[in-house]
Amino acid sequence: MDQDKIIKIYARSDNQIQLKMIPGHFVTSQSHITHYLDLTTMKSRCSEARRIASSLAANYEASIPVDTIVCMDGLEVVGAYLAEELTKAGVLSMNAHQTIYVITPEFNSTGQMIFRDNYEPMINGKNILILNGSITTGSTLNRAIESVLYYGGKIRGVAAIYSSVDSVASLPVHSIFQSRDIPDYHSYRSDSCPMCKNRQKIDAIVSSYGYSML
């Protein structure tokens, strides 16, 4: 991956939050994309994670209860800070301990999101906020929503660092970066990818864990 090509985009809500992206031809499990969005330091550096959490928390009113934050894409650090920010803002937890749980789902061999028996009490009957890294097509988020509903959760909101969509399954998506911030970012189905048609080399396979160069 050519680090010299890194482009930095600064958040409108906080100019100290920056999204790093690299242009190229990248493949995900769902689509082909024109940029790799590098969320690595956002996930692992406490100062960045806290700023992201503070920016996202501003979207939620104290009248909306949150019992559990389900962290997708390895965002547990951001999720912990988000729970703290929501608590400071007066967002109530309705569970017995009156505190917000921060949990991560598993995925089985078919890609279905599951929760083990010990985590089910944190989902069933609880008010859920789903936290995502990036939302492009919404297909992964749709599976997450279906899983939370299957386990008896009540989805109160969806938050993301980047989202190209404003809503999924009639739920509004609150994100720090939107399509207008990255107008050159595009996602294509594998069978209609113009980069493939132009025989542009695939640079890397990417997932929520990072990238693997080819």
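Because only heavy atoms are used, hydrogens play no part in the values below, and waters and symmetry mates are left out as well, while side chains stay in. Numbers for residues simply follow the sequence, beginning at 1.
- Between the side chains of S55 and S13, at least one donor N or O lies within less than 3.5 Å of an accepting N or O.
- Taking CG of L141 as the reference point, atom OG of S134 lies at 11.0 Å (rounded to 0.5 Å).
- Under the 3.5 Å distance criterion, with hydrogens and angles disregarded, a donor-acceptor pair is assigned to the side chains of Q112 and N108.
- Annotation for D14: atom CG counts as buried by contact number, over 12 foreign heavy atoms lying within 6.0 Å.
- Not a single donor-acceptor pair under 3.5 Å links the side chain of Y36 to the backbone N or O of F26.
- Heavy atoms from other residues, nucleotides or ligands lying under 6.0 Å from OH of Y150 number 12 at most.
- Using modelled atom types, no side-chain atom of N124 and backbone atom of E120 make a donor-acceptor pair closer than 3.5 Å.
- Summarising the local packing, OH of Y188 is surrounded by more than 12 heavy atoms from other residues, nucleotides or ligands at distances under 6.0 Å.
- Separating the CD1 atom in I6 from the CE atom in M21 is a distance of 11.0 Å, to the nearest 0.5 Å.
- With hydrogens and angles ignored, the 3.5 Å screen pairs no side-chain donor or acceptor of N127 with any backbone N or O of D67.
- At a cut-off of 3.5 Å, with distance as the only test, a side-chain donor of S63 or E61 sits close to an acceptor on the other residue.
- One N or O on the side chain of T34 and one on the backbone of D184 form a donor-acceptor pair closer than 3.5 Å.
- Between H35 and Y185, the ring planes lie tilted relative to each other; the angle falls in the 30° to 60° range.
- Side-chain contact between K43 and L75 is present, with at least one heavy-atom pair separated by less than 4.5 Å.
- Scanning both residues, P105 and M113, for their nearest heavy atoms gives CB-CG, 3.3 Å.
- Counting only residues at least two apart or on different chains, the salt bridge (Lys or Arg N to Asp or Glu O under 4.0 Å) pairs with a member in residues 87-109 are E85-K88, E106-R116.
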